[in-house]
Structures are given as C-alpha cells and as structure tokens.
Amino acid sequence: MNQLLSALTDFLYAIPCILLALTVHEVAHGWMAFKLGDPTARNLGRLTLNPLKHLDPIGALCMLFFRFGWARPVPINSRHFKKPRRDMALTALAGPVSNILMGFIGILLYCIMARIFIANPAGSEFVYRLQISTLELLRTFFGLNISLAVFNFLPIPPLDGSRIFLVFLPPKMYFGIMRYERYIQLGLLLCLYIGVLDGVLSFLVNGLAAVMFRIVALLPFL
C-alpha cells in the first residue's frame, strides 16, 4: 500500500513538471526559428505556453515512466533561414538549452528552500509535510528537465542532437540518415523500453546535475 501511494505521489509531482518542461522546450524551438527568420511556428500558434498545443501522448508517457521523452515538434520551414543548416542546428539547440536553464533554476530554488527549511524547523506535522512536498516537487522538476536536455542531445533522429551534430556531416550523408528517421525512432523506443540506454543516460544526467549543484554552491548567498 505504501509503495502504491508513493508511486501515485511521484506521478502527481511529475505531471505538471513534464507539461512545463516539454512546453518550454518546444516554445524555445519556435522562438529561435522565429528570431532566425522562420515565422511558421508563430503563424500556427505554437509560440504559446498552452501545453495542449505541444503534447505528444507517447512522448509524454515516456517522460512519465522512463524520464526521457519528447513533445509534438513545432513546424520549422528551413527555406526561411539565411543559412539553413546552421540555423536549423541553432533552432534544435534552443530546446535542450531551455531545459538546462530550467533545471538550473530548479536546483537553485531547491537549495534555497532547503536552507530556509533547515533554518526554520517545522512547528507542525502539516508544515513538515508541506516542506517535504515542496522539495520533492523541485527535485522532480530539475531532474526531469535535466533528463529531457540530455536525452535530446543524443545524436539520434528524431532527437534534437541529430539536427545539431549531423549538420556537420556532408549533405548527402545527412539526408541519407534522415531518410530512415521513422525506423530509427522505433528503434529508439525499443531501446528505452528494454533499458539499453539507461546506464549512459543516468551517468550523463547525474554528471550534469552534479556540475549544476557545484555551481550553485559557489553562489555567495548560499
């Protein structure tokens, strides 16, 4: 019973964090594309923080159960870019960078709140539970954002990393790989399901989180 309650609580913490992380990720793509000359996402109403505009059911479920996933990609028309390959890479980069920034903000808030709670011990069971819930929500928030950033940096289609790193390949090779994007995506889903990538992803996520905690620890007010 306690395990079921704990799992349910984890889901309740994760759902709003997932919606925010995925939404900001896609808005960052659209905003960067707009700044580089492509108004497609803006014209289709995708520069909005309404999560329903960006939600991909399978990607959201993967985030919920595996902590790695994706949203419905914002439409990008590279013909509007002055330098299509470079600008496509910058547009792709904007998504995971937005999650890194949110992850850092989450860690900063977590450390600040932890300091406040330690300095002001709870006077009642309700306040204590509220403090624990706040820290758990922030931990979930920064963990999911860091996981989303790391996952999307993988140079595997259709993830953002494929647009960032494969752009340095010769065009013929690049488009040859992208022809098989749908099949590669199915392989990626299978790898997530059987846990092939768990070790590498956990190592990268924990490493990035550790670096962020060290940076926050250097701030003079903490």
Side-chain angles (χ1 to χ4, degrees), residues 10-11 13-34 38 40-42 44-78 88-103 106 140-167 174 177-205 208-209:
D10 289 342
F11 278 176
Y13 287 140
I15 289 172
C17 296
I18 289 170
L19 292 177
L20 182 57
L22 293 175
T23 297
V24 172
H25 181 102
E26 291 305 319
V27 170
H29 285 316
W31 178 84
M32 180 60 74
F34 177 67
D38 176 25
T40 306
R42 185 200 62 177
L44 293 175
R46 294 295 301 275
L47 296 187
T48 173
L49 291 178
N50 178 0
L52 297 180
K53 293 285 187 178
H54 308 285
L55 192 64
D56 179 288
I58 295 177
L61 287 174
C62 285
M63 281 289 292
L64 188 60
F65 290 103
F66 305 123
R67 294 299 190 259
F68 304 102
W70 56 89
R72 184 163 63 91
V74 295
I76 304 294
N77 188 344
S78 61
M88 182 61 79
L90 291 174
T91 299
L93 182 64
V97 167
S98 72
N99 294 120
I100 288 176
L101 291 175
M102 286 199 295
T140 302
F141 178 74
F142 74 68
L144 284 170
N145 272 284
I146 294 173
S147 296
L148 186 61
V150 167
F151 180 65
N152 274 278
F153 268 128
L154 295 178
I156 304 172
L159 303 178
D160 298 325
S162 66
R163 272 73 178 177
I164 298 169
F165 297 111
L166 295 184
V167 76
Y174 174 80
I177 294 173
M178 298 309 290
R179 283 174 53 194
Y180 300 99
E181 179 175 343
R182 186 175 297 274
Y183 302 104
I184 296 173
Q185 182 177 11
L186 291 175
L188 180 63
L189 285 172
L190 179 61
C191 288
L192 283 176
Y193 179 74
I194 63 179
V196 171
L197 299 174
D198 287 358
V200 173
L201 290 172
S202 295
F203 173 78
L204 294 173
V205 168
L208 181 56

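Closest non-hydrogen pair, Ala41 versus Gly30, comes out as CB-CA, 3.8 Å. When all heavy atoms of Pro75 and Asp38 are compared, the pair lying nearest together is O-OD2, 4.3 Å. Pairing each heavy atom of Ile15 with each of Leu64, the nearest pair is CG1-CD1, 4.3 Å. Annotation for Leu20 and Met102: closest pair O-CE, 4.1 Å, computed over non-hydrogen atoms. A pairwise comparison of heavy atoms in Gly45 and Thr48 identifies O-CG2, 3.1 Å as the closest pair. When all heavy atoms are compared, the tightest approach of Leu55 to Ala60 is CD1-CB, 3.7 Å.
Between the CG atom in Leu93 and the CG atom in Asp160 there is a gap of 8.5 Å [rounded to 0.5 Å]. Going from atom CG of Leu144 over to atom CG of Asn99 covers 10.0 Å, rounded to the nearest 0.5 Å. Annotation: the span from Thr91 atom OG1 to Met32 atom CE amounts to 6.5 Å, rounded to 0.5 Å. Interatomic distance, His25 NE2 to His54 NE2, rounded to the nearest 0.5 Å: 11.0 Å. Atoms CG and OG, from Leu148 and Ser98 in turn, are 7.5 Å apart once rounded to the nearest 0.5 Å. One distance of note links CZ of Phe151 with CG of Leu188; it measures 4.5 Å at 0.5 Å rounding.
Summarising the local packing, CD1 of Ile58 is surrounded by 12 or fewer heavy atoms from other residues, nucleotides or ligands at distances under 6.0 Å. Environment of CZ in Phe203: sparse, with no more than 12 heavy atoms of neighbouring residues, nucleotides or ligands closer than 6.0 Å.
Arg163 places a side-chain N or O within donor-acceptor distance of the main-chain N or O of Pro158, the cut-off being under 3.5 Å.
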If you apply the rule side-chain contact (heavy atoms from CB on, under 4.5 Å), what do you find for Asp10 with Thr140, and how did you get there?
CA-CA 8 Å; Asp10 289 342; Thr140 302; 5.9 Å; no
Evaluate the criterion side-chain contact (heavy atoms from CB on, under 4.5 Å) for residue pair Glu26 and Lys53; output intermediate values, then yes/no.
CA-CA 10 Å; Glu26 291 305 319; Lys53 293 285 187 178; over 6 Å; no
Would you sort out whether Thr40 and Ile76 count as a side-chain contact (heavy atoms from CB on, under 4.5 Å), showing the intermediate values?
CA-CA 6 Å; Thr40 306; Ile76 304 294; over 6 Å; no
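Annotation: side chain of Pro96 is in contact with side chain of His29 (closest heavy-atom distance under 4.5 Å).
The aromatic rings of Phe153 and Phe165 are tilted relative to each other, their planes meeting at an angle between 30° and 60°.
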